[in-house]
Amino acid sequence: MDDVKDTPSGSFKNIMVERIDSIETTLAHVVPEFTSNMLAPIVVGFATYMGMMIDFQENYNRTVEKTKALNDAAVEYIDGIEVIKAFCKTESSYAKFTKAAKENADSYINWMKKCSFFQAAMFVITPYTLATVLPIGAHYVSNGSLTTADFVVCIILSLGIVGPLLTIGSYTDDLGKLSTVIG
C-alpha cells in the first residue's frame, strides 16, 4: 500500500491514459490496414522501415521515461503552486518543470533526427515506382515481349501500390510502441 502512496500521480496518469492511448491507433488502424496492404512488397519500403527501427526499443523507452518525468514534474508543480508561491520558490520549482520539458523534447528530437534520413527516403523514393516501371516496361514493349495494354496495366498497378506503402510506413512507430507497451 505504501508503494501507491509514494507513486506520483503523474505516473498513474501515464499508465492509465498515455499508454492505453498509444496502443489505440495500433489496434484500431495498424492491424487492419497493415493486413490489407501487406501485399505491397517493395524493397525500399522495407529497407527504410528497418532503418527507422534501429535502436527503436532504446529510443522509445527513453522517451517514455522522459514523458513520465515531465508528467510527474507538471503535476507536482501544478498541485503545489500555492505552497510554491507562499515560500517564494516559484523560480526553482519552475526550473525543475522546464528542465523536464526540455529533456523530454530533446529525447524526441534526437530520436527523430536518427530516423529522418530513412523516413525521407521512404516518402521520396517510394512514390517513384514509375522510375523503374517506365524504362523497364518500355524496353519490354519495344522488344515485343510485353503488349502496350499490359504495360498500361503495369503503370496503373505501380501507381496503386504507392498509397498502401506510405500507409504502412506511417505506422512504423505504432508497431514498435505496441511491443514496448504490451511487453
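Along the sequence shown, residues carry numbers from 1.
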Are M112 and Y60 connected in a single hydrophobic cluster, I mean Ile/Leu/Val/Met/Phe/Trp/Tyr linked by side-chain heavy atoms less than 4.5 Å apart?
yes

CH2-OG distance between W111 and S116, expressed to the nearest 0.5 angstrom:
13.5 Å

Interatomic distance, OG1@T148 vs CD1@I155, rounded to 0.5 Å, equals 9.5 Å

Say you draw a straight line from CZ of R62 to OG1 of T67; how long is it, rounded to the nearest 0.5 Å?
11.5 Å

Test N61 against every option in E58, Q57, E65 by the side-chain contact (heavy atoms from CB on, under 4.5 Å) rule and name the one that passes.
Q57

With sequence neighbours excluded, residues passing salt bridge (Lys or Arg N to Asp or Glu O under 4.0 Å) with E103
K66, K99

What are the two closest heavy atoms between F151 and L134, and how far apart are they?
CZ-O, 3.7 Å

Quick one: which residue pairs count as a salt bridge (Lys or Arg N to Asp or Glu O under 4.0 Å) with a foot in residues 131-153, not counting sequence neighbours?
none

Taking all heavy atoms of V141 and all of T147, pick out the closest pair and write down the distance.
CG2-O, 4.1 Å

So with a 6.0 Å cut-off around OH of Y108, is the heavy-atom count from everything else above 12?
yes

Here the gap from M50 atom CE to F118 atom CZ, rounded to the nearest 0.5 Å, amounts to 10.5 Å

Is there side-chain contact between N59 and K114, with at least one heavy-atom pair below 4.5 Å?
yes

Can you tell me how far apart OG (S107) and CG (L70) are? Round to the nearest 0.5 Å.
11.0 Å

N104 CG to N71 CG distance, which is reported to the nearest 0.5 Å:
8.0 Å

For the residue pair A100 and A73, what are the closest heavy atoms and their distance?
CB-CB, 3.9 Å

